Amino acid sequence: MRPLHLCINIFSGFIYEQQITMLLLRRTVQAGKHGRSFSASQTLLSERKGLVLGVFEKEGEEGGLYLTEAAAGFDQTLSGKLSELLKISGPTLKQGKSRIFYGIHKDFPCVAVVGLGKTTAGVCGSENWDTSKENIRQAMSAGCRLLQDLEVKHVEVDGCGDAQSAAEGAGLGLFQYDQLKSKKKNKVTTQLHGSADSADWQKGVTYAEGQNLARMLMEAPANHITPTAFANIIEEKLAPHAERVTIHKRSQAWIEQQQMGAFLSVSRGSEEPPVFLELHYNGSPDSKQAPLLLVGKGITFDSGGISLKPSPSMDEMRADMGGAATVCASIVTAAALKLPVNIIGLAPLCENMPSGKATKPGDVVVAKNGKTIQVDNTDAEGRLVLADALCYGHTFNPRAIVNVATLTGAIDVALGSAATGVFTNSDWLWEQLQKASVMTGDRVWRMPLFQHYTRQVTDCQLADLNNVGKYSRSGGACTAAAFLREFVTAPHWAHLDIAGVMSNKDEVPYLRKGMSGRPTRTLVEFAAGLVHKG
Ligand code: BES
Ligand code: ZN
Ligand code: ZN
């Protein structure tokens with residue numbers, strides 16, 4: 001019998017973006033005692049299977065590495081080859097930096113190793129997020145994308161001791177809206193490496209899928225996602241959960257019957273019929289439990305109406321239904337997770353277009369609660385559709401109301417894309433939202449609801465309220481919130497202005513450029529946090 005003959009050639013030094021050293025190992029294993037033979041090159045071509053592993057930086061030791069449990073296990077099967085290669089292939093992997101090794105394992109032709117930063121990171125008081133979770137999301141996203149670019153078809157992912165965050169990073173990082181392109185990105189399937197933590201992994205997959213649903217709805221063009229199409233897609237997504245879900249796609253006739261004059265004043269300029277989407281998720285074993293009410297602004301395209309927006313970047317206003325998208329996606333996610341809570345979702349869906357029928361600046365309209373509104377700027381339409389939805393929402397006696405809207409450019413000026421602006425009359429609700437966002441890394445920041453701003457919308461020439469603040473641009477996000485408050489009587493209400501976080505350039509490293517789907521995961525985590533709160 002001939003002995004097993006192993007011949008390894010290592011060619012290193014091919015440096016490729018972000019200090020990725022590629023090591024090419026050519027391995028020939030000749031027939032062993034059972035006559036089996038393994039050709040790495042064959043495996044490379046046919047299976048395209050990859051593995052993403054994490055490594056921590058050792059505390060207080062410059063250049064020291066600390067392998068995750070999965071990476072250490074993998075290293076052991078290779079008799080320490082991985083840690084040896086990590087040492088000789090370049091400087092210590094800092095947080096977010098990566099390196100690929102080829103042909104070191106017969107099952108995984110490509111292995112990406114990514115830096116996770118320090119083990120002690122944890123919740124950071126000044127950043128208002130859990131840095132360890134963010135590092136895992138970022139690292140697993142980066143590793144998966146590297147392998148996707150190498151046309152790897154299936155990737156196993158290191159749980160990194162927090163399989164939910166690892167799955168979120170992988171799922172969010174790989175998402176790309178390329179449905180309408182002829183040339184699509186390589187589709188990659190993922191699975192947890194090893195079997196421990198599979199429940200957490202599945203939870204992370206579901207959270208990421210929720211946010212990706214919102215991203216898809218927001219990114220898709222407005223001629224595809226009309227109010228009717230939006231409602232149909234959500235209905236389809238909820239179909240597998242029909243047992244616990246009721247859907248109403250309310251027509252224009254119903255909206256008229258409800259006397260939603262503010263909503264109708266926005267939809268009037270468009271040829272597309274409005275839809276008032278109403279979702280009931282009955283997850284609580286106590287069917288009488290007061291529901292959480294989520295309300296999302298659903299302007300499927302905001303041209304500004306007669307107060308027409310300038311052309312540059314107007315295309316982005318296809319995502320002006322981001323509130324409706326994140327609210328509906330979080331209800332789909334809550335249903336998939338079978339969260340034991342009751343949630344009602346409302347989405348007033350329409351286009352804001354100029355036409356001979358459109359509302360004109362100075363027109364006065366009447367909201368569902370009888371309040372009159374002077375519409376001085378038809379581009380401040382979000383607050384009009386939300387006003388009627390909020391009035392209607394109160395009829396369900398909700399335990400809390402959270403409305404979500406790409407409401408003002410001013411919130412982007414104030415906070416940029418760092419955090420969603422939250423205006424709330426409830427310290428309790430603020431705490432719940434803030435706690436959820438620390439976990440998800442999709443942050444919130446509290447904004448004021450002073451009477452100072454209320455006076456600027458109630459001091460109105462012709463009506464009870466003006467739809468713009470009297471000092472127009474100053475404090476625009478705050479006057480918009482003050483306007484909404486005029487339609488709220490509930491003690492626990494929060495308005496989330498998401499215009500600043502609507503899209504991503506490169507600020508969130510685990511989201512590609514495009515519409516962000518933020519803050520879907522925070523809404524889901526918030527709803528999950530209400531489970532044991534009565
Ligand atoms: N949909 C916009 C707000 C927006 C701006 C969302 C940028 C996402 C990115 C909203 O309807 C709007 O146009 N608001 C006006 C209000 C103003 C006329 C008082 C704004 O923010 O300029
Ligand atoms: Zn507008
Ligand atoms: Zn708008």
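Values below: every heavy atom of this structure, side chains too, minus hydrogens, waters and symmetry copies. First listed ligand is number 1; within each ligand, the first listed atom is number 1. Quantities reported herein were computed from a predicted structural model and do not represent experimental measurements.
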Can you tell which of Leu407, Val501, Asp412 gets a heavy atom nearest to atom 3 (C) of ligand 1?
->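 It is Leu407 that holds the nearest heavy atom.
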
Option set Ser307, Ala380, Ser303, criterion heavy-atom distance to atom 17 (C) of ligand 1, minimum | Ala380

In terms of atom number and element, which parts of ligand 1 are under 4.0 angstrom from non-hydrogen atoms of Glu381?
->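 Those of ligand 1 that fall under 4.0 Å from Glu381 are 11 (O).
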
Enumerate the atoms of ligand 1 whose separation from the nearest heavy atom of Ala499 is less than 4.0 angstrom.
->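 Those of ligand 1 that fall under 4.0 Å from Ala499 are 6 (C), 8 (C).
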
Exam field: side chain [X] to backbone [Y], donor-acceptor pair closer than 3.5 Å:
X: Arg145; Y: Leu174; result: no
X: Arg215; Y: Gln176; result: no
X: Thr372; Y: Asp464; result: yes
X: Asn342; Y: Gly283; result: yes

What is the nearest protein non-hydrogen atom to [atom], stated with its residue, atom name and distance?
atom: atom 20 (C) of ligand 1; result: Gly409 N, 3.9 Å
atom: atom 18 (C) of ligand 1; result: Asn377 ND2, 3.3 Å
atom: atom 7 (C) of ligand 1; result: Met317 CE, 3.9 Å
atom: atom 12 (C) of ligand 1; result: Asp379 O, 3.1 Å
atom: atom 2 (C) of ligand 1; result: Asp302 OD2, 3.6 Å

State whether the number of non-hydrogen atoms from other residues, nucleotides or ligands found under 6.0 Å of [X] atom [atom1] is greater than 12.
X: Met447; atom1: CE; value: yes
X: Gln95; atom1: CD; value: yes
X: Lys513; atom1: NZ; value: no

Proximity to ligand 1 by part of [X], non-hydrogen separation under 4.0 Å:
X: Lys309; value: side chain
X: Val468; value: side chain
X: Asn352; value: neither
X: Lys297; value: side chain

Presence of salt bridge, Lys297 and Glu381, under 4.0 angstrom |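 Counted as a salt bridge, because a side-chain N and a carboxylate O are separated by less than 4.0 Å.
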
Side-chain ion pair, Glu127 and Arg443, N-O less than 4.0 Å =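 Here Glu127 pairs with Arg443 in a salt bridge, since their nearest N and O are under 4.0 Å apart.
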
Considering only N, O or S atoms, which atom of Asp320 is nearest to the Zn ion (ligand 3)?
->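 The closest N, O or S atom of Asp320 to the Zn ion (ligand 3) is OD2.
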
Among Asn466, Val468, Ile373, Leu386, the one residue meeting side-chain contact (heavy atoms from CB on, under 4.5 Å) with Phe483 =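 Answer after filtering Asn466, Val468, Ile373, Leu386: Ile373.
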
Taking the non-hydrogen atoms of Asp320, is any one of them nearer than 4.0 angstrom to ligand 1?
->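 Contact present.
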
Heteroatom N/O/S of Asp379 within less than 2.8 Å of the Zn ion (ligand 3) = no

N/O/S from Lys297 sitting under 2.8 Å away from the Zn ion (ligand 3) =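 Yes.
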
Starting from the Zn ion (ligand 2), look over the N/O/S atoms of Asp302 and name the nearest one.
->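 The Zn ion (ligand 2) is closest to the Asp302 atom OD2, counting only N, O or S.
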
Among the N, O or S atoms of Glu381, the one nearest the Zn ion (ligand 2) =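 Nearest N/O/S atom: OE1.
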
Taking N or O atoms only and a 3.5 Å limit, does Arg383 qualify as a polar contact for ligand 1?
->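 Between Arg383 and ligand 1 (N or O atoms, distance only) the closest approach is not under 3.5 Å.
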
Does Arg485 make a cation-pi contact with Trp493 (under 6.0 Å, within 45 degrees of the axis)?
->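 Here Arg485 fails the 6.0 Å and 45° test against Trp493.
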
For the residue pair Glu134 and Gln138, confirm or rule out a side-chain donor-acceptor distance under 3.5 Å.
->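 No, no side-chain donor-acceptor contact under 3.5 Å.
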
